[in-house]
Amino acid sequence: MVAYSGRMDDAVFRAIADPTRRILIDELAARDDQSLFELCVRLMQGHGIAVSRQAVAKHLAVLEQAGLVQTRRIGRTRVHHLDLDPLRSAWQGWGRPLTESE
Amino acid sequence: MRINVTSVFVDDQAKALEFYTDVLGFVTKTDLPAGEHRWLTVVSPDAPDGVELLLEPSDHPAVGPFREALRADGLPATSFAVDDAQAEYERLVAAGVEFTQPPMTMGPVTSAVFDDTCGNLIQIASMHVG
């Protein structure tokens with residue numbers, strides 16, 4: 001379990017190391033359950049990020065592998081649901097020395 | 001050369017005509033028999049001589065997988081211009097239309113996406129200053 005949780009923490013920290021993926025997390029925190037199309041519009045028009053739809057799909061796949069995003073269907077559309085638990089868990093495991101030293 | 005017709009694939013032409021006229025507010029421009037289907041177009045009442053929207057039968061075998069893939073990613077089949085996307089959203093929701101994306105303002109554009117009940121997602125968008 002320790003090894004598994006360590007690997008998950010690695011995946012979480014890798015996922016949040018990228019600025020585009022952090023924006024995706026912010027956008028899903030503001031409005032959950034967005035389609036790929038809606039997230040692309042927000043990145044391109046809201047943040048002025050020149051990125052292809054395929055690249056956004058890859059970023060979302062990295063977030064999904066880290067457990068931060070889960071996909072589900074609403075009707076016939078696949079939407080992305082944000083789950084911050086893996087981030088909390090990674091932070092609790094690693095960030096505690098920082099809080100204790102304050 | 002000029003663009004006078006654009007199209008959306010619809011599952012059922014009669015049902016589509018009802019939705020695109022009664023609910024959205026377009027008017028029938030051309031309705032002619034074409035084989036087992038109809039050459040069926042609608043226009044905006046604001047531009048009766050403007051671009052026609054062809055309500056095209058979706059029975060070609062490639063259309064199903066194509067539209068399913070677009071819908072899965074939330075991609076609209078086409079986009080219509082409106083004066084005020086927020087007001088149009090409220091009018092259409094009151095008429096029972098289901099939106100997959102409520103109005104979202106990004107820079108000078110406010111857009112929203114709804115289900116046309118004929119197999120497509122459709123975007124409406126308004127441009128505003130500032």
Side-chain angles (χ1 to χ4, degrees), chain A residues 11 15-16 18-84, chain B residues 8-12 15-16 19 58 62-82 85-86 89 92-93 96-130:
Chain A
I16 63 170
D18 182 274
T20 302
R21 290 198 287 271
R22 290 199 297 275
I23 292 173
L24 286 170
I25 290 174
D26 281 345
E27 290 295 344
L28 285 172
R31 173 171 143 75
D32 201 17
D33 288 333
Q34 294 187 52
S35 69
L36 176 62
F37 172 76
E38 184 172 349
L39 286 166
C40 286
V41 172
R42 286 172 186 270
L43 281 180
M44 292 174 211
Q45 289 175 20
H47 296 272
I49 296 172
V51 66
S52 70
R53 197 172 286 135
Q54 288 88 336
V56 177
K58 275 186 193 168
H59 282 309
L60 287 166
V62 173
L63 290 170
E64 192 171 1
Q65 277 155 20
L68 293 166
V69 159
Q70 290 146 21
T71 57
R72 58 185 179 205
R73 280 193 175 250
I74 295 182
R76 286 147 74 184
T77 300
R78 190 170 46 233
V79 296
H80 301 83
H81 164 68
L82 181 64
D83 182 356
L84 288 175
Chain B
V8 288
F9 289 112
V10 297
D11 295 331
D12 176 327
K15 186 182 166 201
F19 182 84
S58 63
V63 175
F66 166 70
R67 287 205 303 177
E68 278 308 312
L70 290 187
R71 280 194 72 120
D73 284 337
L75 262 76
T78 191
S79 181
F80 300 138
V82 293
Q86 179 68 39
Y89 165 78
L92 292 174
V93 164
V97 175
E98 284 184 21
F99 276 77
T100 60
Q101 181 207 297
M104 154 167 99
T105 300
M106 291 285 149
V109 180
T110 300
S111 65
V113 179
F114 64 85
D115 183 334
D116 78 350
T117 72
C118 308
N120 307 294
L121 298 178
I122 303 288
Q123 177 173 271
I124 48 172
S126 56
M127 296 282 292
H128 42 86
V129 186

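To find a chain, count down the sequence lines: A is the first, B the second, and so on, and within it residues start at 1.
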Heavy-atom nearest pair, A:Arg73 first then B:Ala72, reads NH2-CB, 3.9 Å
Answer key: most heavy-atom pairs under 4.5 Å with chain B among A:Ser35, A:Gly75, A:Cys40 is A:Ser35
- Task: Please confirm whether the backbone N or O of B:Arg71 pairs with a side-chain atom of A:Thr77, one donor and one acceptor, at under 3.5 Å?
- Result: yes
Under 4.5 Å to a heavy atom of chain A? For B:Leu70 that would be neither
So CE of B:Met106 and CD of A:Glu38: to nearest 0.5 Å the spacing works out to 8.0 Å
Checking heavy-atom separations under 4.5 Å from chain B, one finds in residues 46-58 of chain A A:Gly46, A:Arg53
Closest heavy-atom pair, B:Gln101 versus A:Arg31, reported as atoms and distance to 0.1 Å, is CA-NH2, 3.9 Å
I'd like to check A:Phe37 versus B:Asp73 (side-chain heavy atoms, cut-off strictly below 4.5 Å). Are they in contact? no
OG1 (B:Thr100) and CD (A:Gln34) are apart, to the nearest 0.5 Å, by 11.0 Å
Legend entry - Flag if over 12 foreign heavy atoms under 6.0 Å of CD, B:Glu98: no
